[in-house]
Amino acid sequence: MANIISDETIEYVGILAKLELTDEEKERAKKDMGSMLDYIDKLGELDTRGVEPMSHVFPVNNVFREDVVTNGDEREAILKNAPEEKNGMFAVPRTFE
Amino acid sequence: MSILDKTATELGAAIKNGEVTVMQAVEASLSRIEESESLYNCYVTVDREGALAKAQEIQKKIDQGILTGPLAGVPTAIKDNMCTQGLLTTCSSKILGNFVPTFSAQAVLNLERAGAVILGKTNMDEFAMGSTTETSAFGETKNPWNPGHVPGGSSGGSAAAVAAGECFYALGSDTGGSIRQPASFCGVVGMKPTYGTVSRYGLIAYGSSLDQIGPLCKDVRDCATIMEILASHDPKDSTSIKRDDTDFTDALVEDVKGLRIGIPRDYFGEGLDPEIKEAVFGAAKVLKEKGALVEEFDLSLAEYAIPAYYTIAAAEASSNLERFDGIKYGYRTQNYSGLHNMYKKSRSEGFGPEVKRRIMLGSFVLSSGYYDAYYLKALRVKALIKKAFDDAFAKYDMILGPVAPATAPRLGESLSDPIKMYLGDIYTISVNLAGLPGLSVPCGIDSRGLPIGLQLIGDCFQEKKLIRAAYTYERARGGFAGPMQNTGSGVSGGSAGAGEEA
């Protein structure tokens with residue numbers, strides 16, 4: 001395997017991805033990511049100097065519209081999906097100590 | 001002919017002229033679901049009461065002449081990554097296991113406006129990440145042609161439901177082949193439209209620059225009819241395109257004279273099952289006999305599409321799936337200490353292994369230090385792939401090839417080796433990278449009794465050419481036996497020329 005993923009890299013990616021992996025999952029992720037990157041390295045065979053990165057196939061422009069409310073009050077239905085709710089608001093764990 | 005044997009448009013016509021009531025159609029579908037769901041598991045949610053109530057409402061509107069469209073009253077199923085107001089929408093994930101949307105996807109609204117009766121939500125690979133429907137948190141779906149095999153994915157529940165008669169047509173979504181490949185594995189027709197043709201509003205995003213909604217259905221006429229209803233310009237989707245050529249049923253013409261069809265040699269090399277090769281060339285021969293100009297050419301870059309795709313799709317997925325944080329909807333872990341720990345634990349407990357794998361990869365290729373080398377490199381390769389297709393469409397009206405290198409694998413054989421599974425997407429993936437339309441139509445049955453699909457790929461906005469060619473081929477091929485009639489004896493009355501009489 002050409003790409004060796006270190007413990008530090010997996011820790012760092014775990015922070016970016018907001019995922020907490022078990023030790024077993026970490027080992028598996030190191031192996032999987034290494035072999036995926038080996039495979040992706042194939043792209044290096046292609047000379048892409050002077051080629052612009054293409055994010056969208058068609059030109060994407062800003063689409064503007066008037067800022068007018070079109071939906072009604074859905075507070076109750078929306079809050080029904082909340083894992084925790086308090087006084088008509090989303091309840092979240094304490095953010096500042 | 002039993003109700004369930006009818007195509008969607010045949011049923012729509014029968015409802016219109018009073019031969020069949022909407023209630024009869026819905027009850028027939030529901031009793032088929034009752035009979036076979038325990039075996040196939042096509043649905044995550046069956047909305048029995050909702051469908052029965054809707055049947056009465058739609059019948060009234062048809063009787064009053066309010067609903068006059070070709071699919072009014074026809075029962076359908078929706079892939080579980082499209083929001084349906086008031087109806088559970090899970091993406092086949094634990095993290096959305098209790099999510100009830102407050103709005104419906106635009107594609108769903110378009111169907112409802114045309115009088116569709118929604119039977120339920122179909123099973124899929126979790127967040128559409130997979131090619132077998134085995135990564136679903138709610139159990140795998142089985143292939144109605146042989147329940148020992150997968151239905152393909154990620155729209156496997158939709159494809160299997162159509163093949164099993166558990167609905168008359170279904171919606172799927174296609175990010176790298178997720179409509180065309182399960183359609184091929186289940187012996188039904190599937191289409192991924194040009195990017196921007198169907199609104200993505202309310203489609204739970206996987207790879208936003210690649211995702212497109214499309215139909216899975218019984219024949220090409222149904223496909224064109226459904227596409228006419230689905231296609232619309234939507235101000236709520238900033239990538240939605242205004243098109244005035246969406247009269248797709250006008251392309252249901254039996255005529256391919258002079259149509260230039262290119263067969264990419266690169267699609268027929270190592271790794272392709274010889275039975276599929278034979279079936280696809282058999283279909284090409286049929287079109288040639290009907291007057292199409294068929295020749296082989298070199299498309300180039302095919303082997304670079306998969307690494308480019310998995311880089312881009314994983315990057316977009318890692319960003320899109322950041323919204324699942326246990327705050328406003330979905331799963332929240334029980335035990336945590338503080339906000340960040342709650343995010344991490346909710347996500348780690350809520351997502352399955354394949355989703356985590358892609359979020360990790362996507363986070364990595366977007367991270368500083370690797371962004372240029374991986375993500376931008378993949379976007380540059382995407383530009384080269386698009387250019388290769390542009391060159392091909394300067395010479396040809398369409399590209400003809402297989403949908404997948406093999407027919408449906410056995411259950412449990414695919415997930416252990418991710419790269420091997422990703423290789424199965426080799427013929428479908430570049431179509432999404434280049435934003436092109438692609439259509440899958442059954443063209444044979446292999447010696448194991450499993451269906452083979454033919455893929456037609458068009459230039460952007462050329463769906464009508466694909467529909468015309470697929471319709472012409474389908475008429476020449478003759479009826480395609482469904483799994484219910486199928487005893488492994490091949491295409492009925494077909495000149496498809498492949499794997500007949502297993």
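Every chain is numbered from 1, with letters handed out A, B, ... down the list of sequences.
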Name the region of B:Leu301, side chain, backbone, both or neither, that has any atom closer than 4.5 Å to a heavy atom of chain A. side chain
Under 4.5 Å to a heavy atom of chain A? For B:Phe351 that would be side chain
Identify the heavy atoms of B:Phe99 and B:Cys83 that sit nearest to each other, and give their distance. CE2-SG, 4.2 Å
Are any non-hydrogen side-chain atoms of A:Val51 and A:Leu46 less than 4.5 angstrom apart? no
Under 3.5 Å, which donor-acceptor pairs link chain A to chain B? Give each pair on its own line with the distance.
residue: A:Ala17; atom: O; partner: B:Arg347; partner atom: NE; Å: 3.3
residue: A:Ala17; atom: O; partner: B:Arg347; partner atom: NH2; Å: 2.9
residue: A:Lys18; atom: O; partner: B:Arg347; partner atom: NE; Å: 3.1
residue: A:Glu20; atom: N; partner: B:Ser348; partner atom: OG; Å: 2.6
residue: A:Glu20; atom: O; partner: B:Ser348; partner atom: OG; Å: 3.1
residue: A:Glu25; atom: OE2; partner: B:Lys356; partner atom: NZ; Å: 2.8
residue: A:Asp32; atom: OD2; partner: B:Arg357; partner atom: NE; Å: 2.9
residue: A:Asp32; atom: OD2; partner: B:Arg357; partner atom: NH2; Å: 3.3
residue: A:Asp41; atom: OD1; partner: B:Tyr374; partner atom: OH; Å: 3.4
residue: A:Glu45; atom: OE1; partner: B:Tyr304; partner atom: OH; Å: 2.6
residue: A:Leu46; atom: O; partner: B:Lys377; partner atom: NZ; Å: 2.8
residue: A:Thr48; atom: OG1; partner: B:Lys377; partner atom: NZ; Å: 3.0
residue: A:Val51; atom: O; partner: B:Arg380; partner atom: NE; Å: 2.8
residue: A:Met54; atom: N; partner: B:Leu379; partner atom: O; Å: 3.0
residue: A:Ser55; atom: O; partner: B:Lys382; partner atom: NZ; Å: 2.9
residue: A:Asn81; atom: OD1; partner: B:Val100; partner atom: N; Å: 2.9
residue: A:Asn81; atom: ND2; partner: B:Val100; partner atom: O; Å: 2.7
residue: A:Ala82; atom: N; partner: B:Lys328; partner atom: O; Å: 3.4
residue: A:Glu84; atom: OE1; partner: B:Arg332; partner atom: NH1; Å: 3.0
residue: A:Ala91; atom: O; partner: B:Arg332; partner atom: NH1; Å: 3.4
residue: A:Ala91; atom: O; partner: B:Arg332; partner atom: NH2; Å: 2.8

Nearest heavy-atom pair of B:Val198 and B:Pro193: which atoms, and what distance? CG2-CG, 3.9 Å
For each of A:Val13, A:Ile15, A:Ile78, A:Val92, tally heavy-atom pairs with chain B at distances under 4.5 Å, and name the one with the top tally. A:Val13
So do the side chains of B:Leu339 and B:Ile327 get within less than 4.5 Å of each other, counting heavy atoms only? yes
Under 4.5 Å from any heavy atom of chain B, what part of A:Val63 do you find: side chain, backbone, both or neither? side chain
Sort A:Ile10 into side chain, backbone, both or neither according to what part of it lies under 4.5 angstrom from a heavy atom of chain B. both
Below 4.5 Å from any heavy atom of chain A, which atoms of B:Leu376 appear? Answer side chain, backbone, both or neither. both
Between B:Ala378 and chain A, which part of the residue has a heavy atom less than 4.5 Å away: side chain, backbone, both or neither? both
Heavy-atom pairs under 4.5 Å with chain A, option from B:Leu210, B:Val365, B:Ile359 with the top count: B:Ile359
Show your reasoning for whether side-chain contact (heavy atoms from CB on, under 4.5 Å) applies to B:Leu87 and B:Val100. CA-CA 6 Å; B:Leu87 187 61; B:Val100 180; over 6 Å; no
Is it the backbone or the side chain of B:Met360 that comes under 4.5 Å from a heavy atom of chain A, or both, or neither? both
Is there a side-chain contact between B:Leu299 and B:Phe389 in this structure, where contact means two heavy atoms from C-beta onward sitting under 4.5 Å apart? yes
Between B:Ala434, B:Gly86, B:Pro353, B:Ala373, which residue shows the highest count of heavy-atom pairs closer than 4.5 Å to chain A? B:Ala434
Closest approach of B:Ala302 to B:Ile426 (non-hydrogen atoms, all atoms of both residues): O-CG1, 4.3 Å
As an exercise, state the distance from CG of B:Leu96 to CD1 of B:Ile204, rounded to the nearest 0.5 Å. 5.5 Å
Side chain, backbone, both or neither: which part of B:Ile241 has a non-hydrogen atom closer than 4.5 Å to chain A? side chain
B:Leu423 versus chain A, the contacting section by heavy-atom distance below 4.5 Å: side chain
If you tally heavy-atom pairs under 4.5 Å between each of A:Ile40, A:Leu21, A:Leu16 and chain B, the highest tally belongs to A:Ile40
